[in-house]
Amino acid sequence: MRPNTTHEVTLSRIADDLGLPAPLDVAVSGVSADNRLIHPGDLFVASRGETVHAAKFARSAIDAGAVGVLTDAEGADIIGEVDVPKLVVKDPAGIAGKVASIVYGNPSAALTTFGITGTNGKTSTAFMIDLLLRQLGRMTGLIGTVSVKIGDDVVPSALTTPQPVDLQAMLATLVERGGSDLIVEVSSHALEQKRTDPVRFDVVGFTNLTQDHLDYHGTIEEYFNAKAILFDTEHSVRGVVTVDDDAGQRLYDQANAERPGAIVSLSLTGKDADWSVTSDGQKFTLEGPGGILTSHTDLPGAFNVANAALALVMVIESGVNLATLGEAIAQVGVSPVIPGRMEVVGSRPYTVVDFAHNTDALEKAMLALKDRGFRRLIVVTGSAGDRDRGKRPMMAAVVAEHADHLVVTDDDPHSEDPAQIRREVIAGIAEGFSWEEIGDREQAIRSAIRDAHDDDVVLIAGRGHETIQDVAGDAIEIDDRVVARDALAHRMAENS
């Protein structure tokens, strides 16, 4: 996604901003880190990846029209002599966003920007902020796990937070189309990899922190430190932190000590905070420095009340008057449609598809459904391969604590043996609990729906909106929502 018009800058201007000797004065009109997506006039960013250095594809990029290459010393040696200038820096990936921002005219400066981080709730909070801003008549862009929305145009997402050159091109496209606001889900990976740099968000928000992604970060401490980056002076102007877990309280204390007055706290559990929430089911009252606002969300669960409150406070902290915001949402509340997030796909049995893929999210989803008074709760879930293995038995243990039956199936095995992943999940099931193992995910969903009673609830967890399952490198098309609706239709036909 790129703007239709370009703001050509010279390579010497880019070099000057990076403190490098000025090369030939050629015009640059775009930036790409993928040689397959080069447009004539692009600067090609060649950095080391997990398995290969992108400099190996520099000649292909040049043949496609790249007018220069940004790389490191290793990349420069790989490229050798070429007929376009090379800008050699220590960390090309780390400054790629800055370079792309220069080329695309610093688009974030023309937008009010919101960034959300946390283990769970990022997508829901982002969609809620988007809804609030649109109710205020704003033209928004939303970038996250489910999709990239630029105005009314929507494309699927490849990453929760895009690569830096792609992010800057998206921002420039939003500005070109008259956008006023940007909402970004900011992952811990993205923060460590500097994918959002040089954006300094106007308002950032924190949802919660539970065990996840330790395959990448190693420890929960490093995971916390990655999230905390978003709340430093370089990355944000103002911040809102939900302080109802220990990590949130710690983050608030740390950030507030560094920047008094720039960070506000939010609590739904009665803790001393700048903003507090009292709720009755999905109806809630938010009270803070700006006054009192009463609203509701149609999305089930206390965690969605928390997400809605965070979204509201973030919009208020951006400068929107609380009374104005309350008037704008008086009829609709904070109830966006979010693909694959507690998405109801059938009623007999009540069938819900959710992205919950860690212990905390799974528990919250189950508790939200148990509150609705169904006969039995049946959960279909698994765990992804090449990811944090420690959470696998924990997920099964929490299902055994709150549900009535578990169907253990495959998520995205990636390069791991699916049967071994399932064994590691099953190891957490309490003795005497009702469960079965069906590796084929489609068959697992169909079996759970077929065997359920009309007044049961079936929670299909782990993949949410996703439509491609990675099994040993093979991309298998499967959408839990499509499979579930088809299974429900067959059940209805058989029972009629």
Side-chain angles (χ1 to χ4, degrees), residues 120 210-212 300-301 303 340-346 348-385 387-413 416-464 466 469 471 478-481 483-484 487-488 491:
N120 302 313
T210 60
Q211 181 175 326
D212 207 356
F303 62 96
R341 299 306 191 274
M342 297 301 284
E343 184 173 353
V344 180
V345 295
R348 294 174 66 84
Y350 192 80
T351 305
V352 177
V353 172
D354 191 63
F355 191 55
H357 58 280
N358 58 52
T359 308
D360 182 66
L362 198 52
E363 181 173 44
K364 287 176 177 174
M366 290 187 293
L367 289 174
L369 293 170
K370 286 181 72 175
D371 285 345
R372 300 173 75 95
F374 293 101
R375 179 175 178 271
R376 291 189 309 156
L377 172 57
I378 299 163
V379 177
V380 180
T381 195
S383 191
R387 300 292 186 270
D388 180 5
R389 295 177 63 180
K391 69 181 182 181
R392 293 171 185 173
M394 296 167 61
M395 291 172 65
V398 81
V399 172
E401 181 180 351
H402 295 293
D404 299 287
H405 183 71
L406 169 63
V407 182
V408 180
T409 189
D410 293 341
D411 193 309
D412 281 287
E416 285 195 64
D417 175 11
Q420 177 60 28
I421 296 172
R422 295 195 300 272
R423 283 193 290 271
E424 292 180 19
V425 172
I426 291 166
I429 300 175
E431 184 176 353
F433 181 73
S434 174
W435 65 276
E436 60 186 305
E437 178 183 5
I438 305 176
D440 184 289
R441 191 172 183 92
E442 179 172 343
Q443 292 306 313
I445 293 169
R446 292 184 181 280
S447 175
I449 290 173
R450 182 190 65 237
D451 295 343
H453 295 280
D454 281 355
D455 53 356
D456 288 343
V457 58
V458 177
L459 170 63
I460 304 165
R463 293 175 47 78
E466 295 177 348
Q469 185 182 38
V471 181
I478 178 171
D479 184 327
D480 289 356
R481 297 163 297 178
V483 174
L488 288 160
R491 175 191 172 97

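All values below were derived from every heavy atom in this structure, side-chain atoms included, with hydrogens, water molecules and symmetry-related copies excluded. Treat the numbers as computed from the prediction; the structure is a model and nothing was measured.
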Give the minimum heavy-atom separation between [X] and [Y], together with the two atoms involved.
X      : Y      : result
Leu488 : Gly346 : CD1-CA, 3.6 Å
Val380 : Ala444 : CG1-CB, 4.1 Å
Ala452 : Val458 : CB-CG2, 4.0 Å
Gly382 : Met395 : O-CE, 3.4 Å
Leu459 : Ala365 : CD2-CB, 4.1 Å
Pro393 : Gly390 : CD-O, 3.7 Å

* Asked: Testing Arg392, Arg387, Lys391 for side-chain contact (heavy atoms from CB on, under 4.5 Å) with Arg389, which one passes?
  -> Arg392
* To do: Under the side-chain contact (heavy atoms from CB on, under 4.5 Å) rule, what do Arg423 and Asp417 come out as? Steps first, then yes or no, please.
  => CA-CA 10 Å; Arg423 283 193 290 271; Asp417 175 11; 3.9 Å; yes
Considering residues at least two apart in sequence or located in another chain, which fulfil the salt bridge (charged side-chain N to carboxylate O under 4.0 Å, His left out) criterion with [X]?
X      : result
Asp454 : Arg348, Arg491
Arg341 : none
Arg376 : Asp456

* Hey, does Ser383 have a side-chain heavy atom less than 4.5 Å from the side chain of Glu424? -> no
* Would you indicate whether the side-chain heavy atoms of Ile460 and Val345 approach each other to under 4.5 Å? => no
What residues, two or more places apart in sequence or in another chain, satisfy side chain to side chain contact (heavy atoms under 4.5 Å, CB included) together with [X]?
X      : result
Glu466 : Phe355, Asp412, Arg463
Ala361 : Asn120, Ala356, Asn358
Phe374 : Tyr350, Arg372, Val457

Of all residues at least two apart in sequence or in a different chain, which pass the side-chain hydrogen bond (donor to acceptor under 3.5 Å, both in side chains) check with [X]?
X      : value
Glu343 : Arg481, Arg485
Asp440 : none
Glu437 : Arg422
Asp480 : Arg441

* **All ring pair (Phe, Tyr, Trp, His ring centres under 6.0 Å) counterparts of Phe303, not counting sequence neighbours** => none
About how many Å separate [atom2] of [Y] and [atom1] of [X], when rounded to the nearest 0.5 Å?
X      : Y      : atom1 : atom2 : answer
Ile426 : Ile421 : CD1   : CD1   : 11.5 Å
Asp354 : Met366 : CG    : CE    : 11.0 Å
Ile445 : Ile478 : CD1   : CD1   : 5.0 Å

* Asked: Taking the side chain from Thr409 and the backbone from Ile438, do they hold a donor-acceptor pair closer than 3.5 Å?
  -> yes
Sequence neighbours left out, cut at 3.5 Å: what donor-acceptor pairs do the side chains of residues 399-406 make with other protein atoms?
unit_1 : atom_1 : unit_2 : atom_2 : d
His402 : NE2    : Glu363 : OE2    : 2.8
Asp404 : OD2    : Leu377 : N      : 2.7
His405 : ND1    : Ser434 : O      : 3.3
His405 : ND1    : Ser434 : OG     : 2.5
His405 : NE2    : Glu436 : OE2    : 2.8

* Looking only at side chains, do Gln443 and Arg446 share a donor and an acceptor under 3.5 Å apart? -> no
